[in-house]
A.B. asks: 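Below you will find the structure I want to go over with you.
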Amino acid sequence: MTASSIALPAVPQSATLPRISVLVRHAAPRVLEGMILPVAVFYAGLLVAGVHGGLVLAVAWVYGGVVLRLVRRRTVPGTVLLAMLAITVRAALALLTGNVVIYFLQPTLGVFCASLAFLCTAAGRRPLIQRVTTDLVPLPDHLVRHPRMRRFFVHLSLLWGLVQFANGTLSLWLLFSEPIQTYLIVRTAAVALLMVLAAAASLLAFRRVLRVMQQRG
C-alpha cells in the first residue's frame, strides 16, 4: 500500500470555526477570572492598605469565589480548590517572612512548568495544548482527530511553550529588578500583549489549517 493510497478522513465543507464573538464569550470569563481579576484585587488592596492588605484581599477574593459557588450550589472544580490552597500557602509565607516576592515567585515558576509541559507533550498522543484549547474553545471531534489537526497541535504546542518561557523570563526579571507596583503594572500589560499576539497567531493558523483541510478533503 502506497502513501498516496491512504485516504485521510474527509472534512465536511460545513466545518467552520465558531464566530469570534462566540470564542470571546466562551474564553473571556476564564481569562478574566484566572489572569486579570486576581492581579487587580491584589493591587487594589496594596494601594489601600499596603502589602499586607493586598495579600489579605487576594486570599479573601479566592475564598469568596468558592463560597459563592457553594451558595449557588455549583460544583467547585478541583483546580479551584488547589488554587485556594496554593494562594493560602503563598500568602502565609509572604506574611511570615515579610517578603512579598515569595507570593509572586510560585506562579512565575509555574509558568516555566507550563512551558515545559507544552514542549514535552508536543509530540504526545494528546498534547497539553489540545486539552487547553478544547477547554477554552468547543471544537468538533472530527476536527480534533484529523491528522492535519494533530500536526497543528504539535506546532501550537511549540508556539505556546516558547511564549510561556518568554512570559516566565520577563516576569522573573521584573520581579527581582523592579518594585512590586511596577512589576504588577508592567508585567500584566506585557503578558496580556504577549498572550493576545500569540492567541491571534494561533487563530489565524487554525483558520489556515481548516481551509486547507476543507480544500483537500
Side-chain angles (χ1 to χ4, degrees), residues 1-36 75 77-80 82-83 107-172 187-217:
M1 181 179 293
T2 63
S4 60
S5 66
I6 301 177
L8 294 176
V11 178
Q13 293 298 314
S14 60
T16 57
L17 183 68
R19 290 182 300 175
I20 297 298
S21 58
V22 175
L23 300 181
V24 171
R25 284 198 303 269
H26 189 83
R30 292 161 174 78
V31 174
L32 184 66
E33 182 180 9
M35 291 181 58
I36 299 176
T75 302
T79 53
V80 173
L82 289 175
T108 302
L109 297 178
V111 170
F112 284 110
C113 291
S115 171
L116 185 62
F118 285 140
L119 295 174
C120 290
T121 63
R125 188 178 63 86
R126 190 184 179 195
L128 178 60
I129 194 65
Q130 177 181 327
R131 302 184 186 187
V132 174
T133 301
T134 52
D135 282 344
L136 292 175
V137 181
L139 295 176
D141 288 341
H142 67 273
L143 289 182
V144 175
R145 294 194 301 265
H146 197 281
R148 288 194 178 95
M149 186 59 65
R150 297 280 302 150
R151 290 195 294 272
F152 167 74
F153 280 124
V154 171
H155 297 155
L156 201 63
S157 295
L158 298 177
L159 169 65
W160 281 95
L162 295 175
V163 166
Q164 290 293 69
F165 182 80
N167 174 3
T169 302
L170 175 64
S171 300
L172 202 60
R187 189 258 180 188
T188 301
V191 170
L193 177 61
L194 183 64
M195 293 300 179
V196 167
L197 292 176
S202 301
L203 181 60
L204 291 175
F206 181 86
R207 287 185 179 280
R208 181 178 179 278
V209 169
L210 182 60
R211 186 164 56 249
V212 171
M213 289 167 60
Q214 289 176 329
Q215 290 173 349
R216 296 182 180 179

A.B. asks: Got a sec, which residues hit side-chain contact (heavy atoms from CB on, under 4.5 Å) with Leu194, two or more places apart in sequence or on another chain?
C.D. replies: Val163, Ala166, Asn167

A.B. asks: Please list every donor-acceptor pair under 3.5 Å in which a side-chain atom of residues 107-121 meets a protein atom from a residue at least two apart or in another chain.
C.D. replies:
from	atom 1	to	atom 2	distance (Å)
Thr108	OG1	Phe104	O	3.0
Ser115	OG	Gly161	O	2.6
Thr121	OG1	Ala117	O	2.7
Thr121	OG1	Leu128	N	3.1

A.B. asks: For Arg208, enumerate each residue passing the side chain to side chain donor-acceptor pair (under 3.5 Å) test, keeping only those at least two apart in sequence or located in another chain.
C.D. replies: none

A.B. asks: My understanding is that only residues two or more places apart in sequence, or in another chain, count here; which of them pass ring-ring contact (aromatic ring centres under 6.0 Å, His included) with Phe152?
C.D. replies: Phe206

A.B. asks: Any heavy-atom pair between the side chains of Leu170 and Arg187 that's under 4.5 Å?
C.D. replies: no

A.B. asks: Work out which heavy atom in Arg148 is nearest to a heavy atom in Val209; give both atom names and the distance.
C.D. replies: O-CG1, 4.3 Å

A.B. asks: To the closest 0.5 Å, what do you measure between CZ (Arg126) and CZ (Arg150)?
C.D. replies: 9.5 Å

A.B. asks: Restricting to non-hydrogen atoms, name the atom on Phe153 and the atom on Pro127 that form the minimum distance, rounded to 0.1 Å.
C.D. replies: CB-CG, 4.3 Å

A.B. asks: Mind checking the CZ-CG spacing from Arg151 to Leu156? Nearest 0.5 Å is all I need.
C.D. replies: 14.5 Å

